[in-house]
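The block underneath contains the structure these notes are about, expressed in structure tokens.
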Amino acid sequence: MLLKAKDLTVYYSTIIGKTKILDSLNLNIEKGELVGIVGESGSGKSTLGFAVAGLMPPNAEVKGNLEIEGKDVVGMKEKELQQLRGTEVFMIFQNPLNSLNPVKTVGFQLLEAVRVREERKKLKYNEEKAVQEVIEVLKELRFPDPERILSRYPHQLSGGQVQRIVIAMALLLKPKLLIADEPTSALDVTIQAQVISLIRQLNQEYGIALIFITHDIALANVVSDRLIVMYAGRLMEDGPTDKILKNPLHPYTAGLISSIPKIRKEDGELPSIRGAPPSFLVLPKGCKFSPRCAKVMQVCKEREPSEIEVEGRKVRCWLYG
Ligand SMILES: Nc1ncnc2c1ncn2[C@@H]1O[C@H](COP(=O)(O)OP(=O)(O)OP(=O)(O)O)[C@@H](O)[C@H]1O
Ligand code: SF4
Ligand SMILES: [Mg+2]
């Protein structure tokens with residue numbers, strides 16, 4: 001097992017107090033799995049990604065168990081987390097500039113990735129060989145003139161080019177798990193398709209497992225074999241993407257699927273799900289989706305369902321318990 005999370009819970013402290021954002025999430029990911037995480041804005045998708053990558057902000061508190069390759073991430077000190085990132089886990093952000101240092105050239109940063117990788121493997125770093133490797137990777141990522149790109153600073157490149165440089169970094173580091181948090185939402189449609197195919201290539205050629213975070217269930221369908229649906233910091237459904245799309249068990253998943261063509265409606269409401277996601281400060285009692293659910297029952301308003309196994313999937317809904 002590559003990743004094992006049990007009762008993973010995250011709190012954020014702000015001036016108005018401490019709020020529980022992720023609630024008792026259970027998640028296992030095997031080596032090489034392609035996992036999509038979907039849910040409306042604020043459902044806790046990025047928080048889960050940051051927790052797995054050990055990139056929590058200082059105001060966060062993580063509870064529960066989270067293991068990557070058998071190593072406990074929750075108890076790790078910053079130095080160990082740095083070790084984890086790059087070797088075990090690598091995260092790609094919506095804004096790729098967040099992954100790069102603005103005052104270092106692209107070439108310096110890519111060579112640094114090779115140096116760090118060799119150091120961790122206790123191998124001797126050879127600059128000449130490293131330059132060759134970096135150029136090969138850039139060619140593979142369809143940069144027509146890699147040598148010229150190496151001398152550029154991140155701000156001198158387009159958004160699509162910067163995202164491909166970040167993918168080059170992942171290719172050089174070859175982590176076991178890649179977390180991509182809305183990696184294409186800031187890019188043009190044509191570049192989006194290119195970036196998606198590169199991410200899939202990382203999985204197919206090197207067996208790198210992927211957590212692909214998106215609010216777009218149609219895109220998750222293209223990228224993932226397994227889908228996790230989140231709502232109000234909870235895992236609502238988890239199972240094979242094709243089965244979930246064909247036959248969603250959770251009413252929230254069903255709502256997300258039936259909104260696919262209209263998901264970008266401006267007022268933030270999904271057309272087939274009435275209302276908007278709740279505030280974490282005033283979460284409803286019982287099932288957190290109950291105020292919006294067309295199938296709500298009395299028990300839903302009183303007690304929160306827990307994750308249970310149904311037809312080889314995980315679901316958090318009283319219709320199945
Ligand atoms: N550092 C932080 N401090 C306090 N609250 C935070 C912090 N980061 C996120 N939150 C809150 O946690 C909740 C979940 O946020 P998160 O960014 O994980 O959601 P998301 O599903 O990734 O949303 P989006 O689709 O908009 O990116 C939101 O209510 C958000 O305001
Ligand atoms: S538990 Fe009840 S309210 Fe919640 S999703 Fe299931 S049926 Fe709807
Ligand atoms: Mg997010």
Side-chain angles (χ1 to χ4, degrees), residues 8-23 25 36-53 55-62 91-96 98 179-186 211-217 219-220 228-238 244 248-257 263-264 268 270 272-308 310 313-321:
L8 185 66
T9 302
V10 173
Y11 298 87
Y12 286 130
S13 293
T14 60
I15 41 167
I16 44 171
K18 194 161 124 180
T19 316
K20 194 196 273 184
I21 301 292
L22 281 194
D23 190 11
L25 204 124
I37 299 192
V38 292
E40 285 164 282
S41 183
S43 53
K45 306 180 296 297
S46 297
T47 299
L48 174 61
F50 288 137
V52 171
L55 279 169
M56 293 311 285
N59 67 333
E61 193 183 332
V62 184
M91 187 152 178
I92 301 181
F93 305 96
Q94 179 176 10
N95 179 355
N98 287 344
I179 303 167
D181 189 354
E182 307 265 10
T184 59
S185 49
I211 294 183
F212 190 90
I213 297 172
T214 176
H215 60 273
D216 187 340
I217 200 164
L219 185 57
I228 289 173
V229 180
M230 288 187 65
Y231 186 78
R234 276 110 175 122
L235 186 154
M236 291 304 195
E237 185 158 359
D238 173 1
I244 290 187
L249 296 178
H250 199 287
Y252 178 60
T253 317
L256 279 183
I257 293 169
I263 207 157
R264 294 182 207 283
L270 294 177
S272 11
I273 311 177
R274 58 190 173 172
S279 155
F280 281 92
L281 297 173
V282 280
L283 283 178
K285 202 176 157 212
C287 170
K288 304 308 165 218
F289 186 57
S290 57
R292 304 173 73 189
C293 182
K295 297 193 170 165
V296 63
M297 304 169 283
Q298 192 52 35
V299 61
C300 310
K301 297 180 192 164
E302 289 161 6
R303 286 166 45 217
E304 181 162 21
S306 39
E307 295 169 9
I308 59 159
V310 185
R313 302 182 211 174
K314 251 194 290 179
V315 189
R316 208 188 233 253
C317 172
W318 282 125
L319 290 172
Y320 307 93

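Hydrogens, waters and symmetry mates are skipped; everything else that's a heavy atom, side chains included, is used. Position 1 is the first residue of the sequence; numbering continues from there. Both counts, for ligands and for their atoms, begin at 1 and track the order of listing.
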What's the shortest distance from [atom] to any protein heavy atom, and which residue and atom give it?
atom: atom 2 (Fe) of ligand 2; value: Cys300 SG, 2.3 Å
atom: atom 8 (Fe) of ligand 2; value: Cys293 SG, 2.4 Å
atom: atom 4 (Fe) of ligand 2; value: Cys287 SG, 2.4 Å
atom: atom 1 (S) of ligand 2; value: Trp318 N, 3.2 Å

message: For the backbone of Cys293 and the side chain of Arg274, can you confirm whether one donor and one acceptor N or O come within less than 3.5 Å of each other?
response: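 Confirmed, Arg274 side chain pairs with Cys293 backbone.
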
Can you tell me how far [atom2] of [Y] sits from [atom1] of [X], rounded to the nearest 0.5 angstrom?
X: Glu182; Y: Leu219; atom1: CD; atom2: CG; value: 8.5 Å
X: Thr184; Y: Asp216; atom1: OG1; atom2: CG; value: 8.0 Å
X: Ile179; Y: Ser46; atom1: CD1; atom2: OG; value: 10.5 Å
X: Tyr11; Y: Leu22; atom1: OH; atom2: CG; value: 11.0 Å

- prompt: Parallel, tilted or perpendicular for Tyr231 and Phe289, by the 30°/60° rule?
  reply: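 Rings of Tyr231 and Phe289: perpendicular, as their planes differ by over 60°.
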
Heavy-atom distances under 4.0 Å decide this one: backbone, side chain, both or neither, for [X] against ligand 1?
X: Asn59; result: side chain
X: Ile21; result: side chain
X: Lys45; result: both

message: Let's go through Glu307 and Asp238 carefully: what are the C-alpha distance in whole Å and the side-chain angles of both, what is the deciding distance for side-chain contact (heavy atoms from CB on, under 4.5 Å) to 0.1 Å, and is it a yes or a no?
response: CA-CA 9 Å; Glu307 295 169 9; Asp238 173 1; over 6 Å; no

Kindly confirm or rule out an N or O of [X] lying under 3.5 angstrom from an N or O of ligand 1.
X: Ser46; result: yes
X: Gly44; result: yes
X: Ser43; result: yes

- line: For Lys295, the atoms of ligand 2 under 4.0 Å from one of its heavy atoms are 7 (S)

message: Show me which atoms of ligand 2 lie under 4.0 Å from any heavy atom of Ser290.
response: 3 (S)

- prompt: Out of Arg316, Glu40, Arg234, Arg292, which one pairs with Tyr252 under the side chain to side chain donor-acceptor pair (under 3.5 Å) rule?
  reply: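 Filter result, single survivor: Glu40.
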
- prompt: Can you tell me if Cys317 has an N, O or S atom under 2.8 Å away from atom 4 (Fe) of ligand 2?
  reply: no

Proximity flag Pro57 to ligand 1, non-hydrogen atoms under 4.0 Å: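 Yes, that is the case, since the closest heavy atom of the residue is under 4.0 Å from the ligand.
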
field: From CA spacing to verdict: side-chain contact (heavy atoms from CB on, under 4.5 Å), Phe50, Val10
entry: CA-CA 10 Å; Phe50 288 137; Val10 173; over 6 Å; no

task: Within a distance under 4.0 Å of any heavy atom of Phe280, pick out the atoms of ligand 1 and give their elements.
output: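 Going through ligand 1 atom by atom, the ones under 4.0 Å from Phe280 are 13 (C), 29 (O).
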
- request: Report, in ascending order of atom number, the atoms of ligand 1 lying under 4.0 Å from any heavy atom of Thr14.
  value: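 The list of qualifying atoms is 4 (C).
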
task: Would you verify that at least one protein heavy atom lies under 4.0 Å from atom 25 (O) of ligand 1, or report that none does?
output: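 Yes, because at least one protein heavy atom sits under 4.0 Å from atom 25 (O) of ligand 1.
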
message: Yes or no, since that's all I need: does a protein heavy atom fall within a distance strictly under 4.0 Å of atom 2 (C) of ligand 1?
response: yes

- line: When Val229, Val310, Ile244 are each screened for side chain to side chain contact (heavy atoms under 4.5 Å, CB included) with Val315, the one that passes is Val310

- request: Using the side-chain contact (heavy atoms from CB on, under 4.5 Å) rule, take Leu8 and Leu48 through it: C-alpha gap first, then chi angles, then the decisive distance, then the call.
  value: CA-CA 9 Å; Leu8 185 66; Leu48 174 61; 3.9 Å; yes

message: If we set the cut-off at 4.0 Å for heavy atoms, which region of His250 has an atom near ligand 2: side chain, backbone, both, or neither?
response: side chain

